[in-house]
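Shown next, in structure tokens, is the structure this report addresses.
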Amino acid sequence: MGWNALPASYRIPESAPSLREAQEYCAQLARSHYENFSVATWFLPKRLRQHFYNVYAYCRISDDLGDEVGDPQQSLELFNQWEHELQACYAGAPRHPVFVALGQTVREFGIPQHEFSDLLIAFRQDQTITRFETFTHLLGYCKYSANPVGHLVLYLGGYNDAERQQLSDCTCTALQLANFWQDVVVDYGKGRIYLPLEDLRRYGVSEQEIAGRRTTPQFIELMKFEVQRAREWFARGVPLVKKVSRELAVDIELFSRGGQEILNAVERQGFDVLAHRPIISRPRKLWLVLRVAASKLL
């Protein structure tokens, strides 16, 4: 178990690779993983792409340490080792290629260590907390599972002020909610329910119905409510696009519109996320890219 449950390339090596080798490692990891949108879109300036790859590689492996090991206790031990490497990164002596590459990013953009370690709080939580009583509790989880990613993107764009971070938090929380509503069945397969328990009770939906993938009128009403709530969080974050550089605005708007398109996909299938996982088709993704590009670049 432990590292053996993960790709061999994830393991912490005995000695550190060169910076160039570490950068290529992060770039390959970023390019090889599917996301709703490319981690570094066509519109990012070349000078930022490697840094985005480095941050993505950290987030990707951190996520896999929690989701792909299959043993909560083993995952918690791996997180301890991973955070030790993060500390070594800030001390200037890491061995893992992610942290060798990330060291340059951290120094160049002045990123505080807590922006990376905060993510680990959520991933550790996932090993022991699988239900959320209220929406407020769920927002507390998003504070660590999603919002630090937005802060990291802002740092790479040269921004570290509270106003932009708060707007980013709204967008990142909305993205996290959209992913939760897209993956109700997937998450239940991992033993987790992110739909607040208070909402299940309010709409008369039982956990057994989710487990059996039985879509009821009550479940449809619940999902309509949750989708609308996520849309409201996206709306709160919209002003951020006009408060950053054009090059960063394109990426932020793409991710925001991509999340909203997930909600549209949920709505198009009648809010029944138990029968089929909502997806964004490739033609639809291309349309979104062209639409955002036209609005920002022409």
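We use all heavy atoms of the structure for the numbers below, so side chains are in, but hydrogens, waters and symmetry mates are not.
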Problem set entry | Gln125 backbone acceptor or donor facing Tyr141 side chain under 3.5 Å | no
Problem set entry | Inter-residue atom distance Leu65.CG - Gln81.CD, 0.5 Å rounding | 9.0 Å
For this session: Please round to the nearest 0.5 Å and tell me the distance separating atom OH of Tyr188 and atom OH of Tyr194.
Result: 14.0 Å
For this session: Mind running side-chain hydrogen bond (donor to acceptor under 3.5 Å, both in side chains) on Asp169 and Gln165 for me, showing each step along the way?
Result: CA-CA 6 Å; Asp169 289 349; Gln165 287 187 352; over 6 Å; no
Exercise. Any salt bridge between Glu232 and Arg229, counting N to O under 4.0 Å?
Worked result: no
Exercise. Do any pairs count as a side chain to side chain donor-acceptor pair (under 3.5 Å) and have a residue in residues 90-104, sequence neighbours left out, and if so which ones?
Worked result: Gln23-Gln104
Exercise. Hey, is Glu267 close enough to Arg231 for a salt bridge, meaning N to O under 4.0 Å?
Worked result: yes
For this session: Answer yes or no: is there a donor N or O on one side and an acceptor on the other, between the side chain of Asp63 and the main chain of Cys59, under 3.5 Å?
Result: no
For this session: Check for a donor-acceptor pair, side chain of Arg192 on one end and backbone N or O of Asp187 on the other, with a separation under 3.5 Å.
Result: no
Exercise. Quick one: do the Asn54 and Gln50 side chains pair a donor with an acceptor below 3.5 Å?
Worked result: yes
Exercise. Which is it for Ser168 and Asn147 under the side-chain hydrogen bond (donor to acceptor under 3.5 Å, both in side chains) test, yes or no, and what are the steps along the way?
Worked result: CA-CA 7 Å; Ser168 170; Asn147 297 357; over 6 Å; no
Exercise. Is it true that a side-chain atom of Ser32 and a backbone atom of Gln28 form a donor plus acceptor pair closer than 3.5 Å?
Worked result: yes
Exercise. Under 3.5 Å, is there a donor-acceptor pair between the side chain of Ser256 and the main chain of Ile252?
Worked result: no
For this session: Salt-bridge test for Glu83 and Arg124: reply yes if a basic N is under 4.0 Å from a carboxylate O, no otherwise.
Result: yes
Exercise. Do the side chains of Phe225 and Val273 join up, straight or via other hydrophobic residues, at under 4.5 Å, putting them in one cluster?
Worked result: yes
Seminar exercise, completed: Applied to residues 12-21, the side chain to side chain donor-acceptor pair (under 3.5 Å) test, sequence neighbours excluded, yields Ser18-Glu21
For this session: Start with the C-alpha distance between Phe219 and Tyr203, add both sets of side-chain angles, then the distance that settles ring pair (Phe, Tyr, Trp, His ring centres under 6.0 Å), and finish with yes or no.
Result: CA-CA 7 Å; Phe219 181 81; Tyr203 284 90; over 10 Å; no
Exercise. Backbone N or O of Pro278 within a donor-acceptor pair of the Gln182 side chain at under 3.5 Å?
Worked result: yes
Problem set entry | Student check: side-chain heavy atoms of Val69 and Trp3 closer than 4.5 Å | no
Exercise. Taking everything shown except Glu108 itself, do over 12 heavy atoms lie less than 6.0 Å from its CD?
Worked result: yes
Exercise. What distance separates Leu248 CG from Leu48 CG, expressed to the nearest 0.5 Å?
Worked result: 8.0 Å
Problem set entry | Beyond-backbone contact of Tyr56 with Cys26, side-chain heavy atoms, under 4.5 angstrom | no
For this session: Describe, in one word, how the ring planes of Phe123 and Phe79 are oriented to each other, choosing from parallel (under 30°), tilted (30 to 60°) and perpendicular (over 60°).
Result: parallel
Exercise. Any side-chain heavy-atom pair from Trp82 and Leu86 closer than 4.5 angstrom?
Worked result: no
For this session: Apply side-chain hydrogen bond (donor to acceptor under 3.5 Å, both in side chains) to Ser117 and His114, showing your working.
Result: CA-CA 5 Å; Ser117 59; His114 77 83; 6.0 Å; no
For this session: May I ask you to say whether Asp183 pairs ionically with Lys190, meaning some side-chain N is under 4.0 Å from a carboxylate O?
Result: no
Problem set entry | Test item: Tyr53 and Arg31 side chains (from C-beta on) under 4.5 Å apart, heavy atoms | yes
For this session: Answer yes or no: is there a donor N or O on one side and an acceptor on the other, between the side chain of Gln74 and the main chain of Gly70, under 3.5 Å?
Result: no
For this session: Any chance you could measure Asp71, atom CG, to Glu77, atom CD, to the nearest 0.5 Å?
Result: 11.0 Å
Exercise. Do other residues, nucleotides or ligands put more than 12 heavy atoms under 6.0 Å from His84 NE2?
Worked result: no
Problem set entry | Any side-chain heavy-atom pair of Ile111 and Phe116 under 4.5 Å | yes
For this session: List the atom of Gly259, the atom of Ala178, and the distance in Å for their closest heavy-atom pair.
Result: O-CB, 3.7 Å
Exercise. Does the side chain of Phe52 reach to within under 4.5 Å of the side chain of Leu156, using non-hydrogen atoms?
Worked result: yes
Exercise. Are the side chain of Gln269 and the backbone N or O of His276 linked by a donor-acceptor pair below 3.5 Å?
Worked result: yes
For this session: For the pair Glu198 and Arg201, evaluate salt bridge (Lys or Arg N to Asp or Glu O under 4.0 Å) and give the outcome as yes or no after the intermediate values.
Result: CA-CA 5 Å; Glu198 65 177 1; Arg201 290 194 296 270; 5.7 Å; no
Problem set entry | Test item: Leu119 and Ser62 side chains (from C-beta on) under 4.5 Å apart, heavy atoms | no
For this session: Tell me who clusters with Ile121, hydrophobic residues only, linked when side chains sit under 4.5 Å apart either directly or through other members.
Result: Tyr144
Exercise. How many angstroms lie between atom CG of Leu200 and atom CD1 of Ile193, to the nearest 0.5 angstrom?
Worked result: 6.5 Å
Exercise. Looking only at atom types and distance, does a side-chain atom of Glu209 sit under 3.5 Å from a main-chain N or O of Ser206, one as donor and one as acceptor?
Worked result: yes
Problem set entry | Donor-acceptor contact below 3.5 Å, side chain Glu68 vs main chain Ala5 | no
Seminar exercise, completed: Rounded to the nearest 0.5 Å, the CZ atom of Phe234 sits from the OG1 atom of Thr173 at a distance of 10.0 Å
Exercise. Do Val98 and Val100 belong together in a cluster built from hydrophobic side chains that touch within less than 4.5 Å?
Worked result: no
For this session: Would you indicate whether the side-chain heavy atoms of Arg213 and Val185 approach each other to under 4.5 Å?
Result: yes
